[in-house]
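The structure appears below as structure tokens.
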Amino acid sequence: MRFIYHPDRKDISLSGVLYALGDPVRLEIVRLLATVGAQPCAGFDFAIAKSTMSNHFKILRESGVVFTRKEGTQHINMLRRQDIDELFPGLLDAVLRSAQPMQICQQETAVKSVSL
């Protein structure tokens with residue numbers, strides 16, 4: 001099994017988090033994770049290449065915004081809300097309040113619920 005890198009809480013930087021949240025696709029991923037909870041990568045039906053989606057998840061993971069765990073053949077993603085809130089109080093709430101849903105997926109209901 002391949003190692004999935006996640007930074008320790010002490011290594012999460014404001015500039016890295018802001019960079020990750022600065023892209024509209026990544027912001028939409030975070031908004032959906034905040035709204036519906038943990039989701040597999042395949043649960044996001046965005047109209048972009050799979051390799052591009054993988055890169056977006058990698059940036060979110062390596063910046064400390066999301067945590068990814070392997071479950072069978074799927075990668076389940078969840079927001080590291082507690083870590084972000086403790087390091088940068090109010091940041092995630094402010095960003096998510098101002099984020100408008102994007103039309104990059106077929107429908108918002110395209111994000112499938114997963115029982116965890």
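Of the possible donor and acceptor atoms, one in the side chain of R61 sits under 3.5 Å from a partner among the backbone N and O of Y5. H6 contributes no side-chain N or O that, together with a main-chain N or O of G64, makes up a donor-acceptor pair within less than 3.5 Å. Formation of a donor-acceptor pair under 3.5 Å by the D8 side chain with backbone atoms of K10 is not found in this model. Judged purely by atom type and a 3.5 angstrom limit, T35 uses its side chain to pair as donor or acceptor with the backbone of R31.
To the nearest 0.5 Å, the span separating CG on D23 from CG on L60 amounts to 8.5 Å. Note that CG of L91 is 8.5 Å distant from CG of D85, once rounded to the nearest 0.5 Å. Remark: R97 CZ to L92 CG distance equals 10.0 Å, nearest 0.5 Å. Once rounded to the nearest 0.5 Å, the distance linking CZ of F44 with CD1 of I29 reads 6.0 Å. The distance from atom NE2 of H75 to atom OG of S54, rounded to the nearest 0.5 Å, is 9.0 Å. Atom OG in S51 sits 9.5 Å away from atom NE2 in H56 (nearest 0.5 Å).
Residues satisfying the side chain to side chain contact (heavy atoms under 4.5 Å, CB included) test with Y19, not counting sequence neighbours, are R26, I59.
The two residues F88 and S13 come nearest to each other via the heavy atoms CZ-C, 3.7 Å. The two residues L33 and N77 have their closest heavy-atom pair at CD2-O, 3.5 Å. Residues P40 and I76 come closest through the heavy atom pair CB-CD1, 3.8 Å. Of all non-hydrogen atoms in L87 and R9, the two that sit nearest each other are CD1-O, 3.4 Å. Considering all non-hydrogen atoms of both residues, I12 and P7 come closest at CG1-CG, 4.1 Å. Across every non-hydrogen atom of L79 and V65, the tightest pair is CD1-O, 3.6 Å.
V66 and I4 are assigned to two separate hydrophobic clusters, defined by single-linkage of ILVMFWY side chains at heavy-atom distances under 4.5 Å.
In this structure the side chain of D83 never reaches within 4.5 angstrom of the side chain of F67, judged on heavy atoms.
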D93 vs R81, test: side chain to side chain contact (heavy atoms under 4.5 Å, CB included). Steps then yes/no. CA-CA 10 Å; D93 288 333; R81 187 179 258 301; 3.2 Å; yes
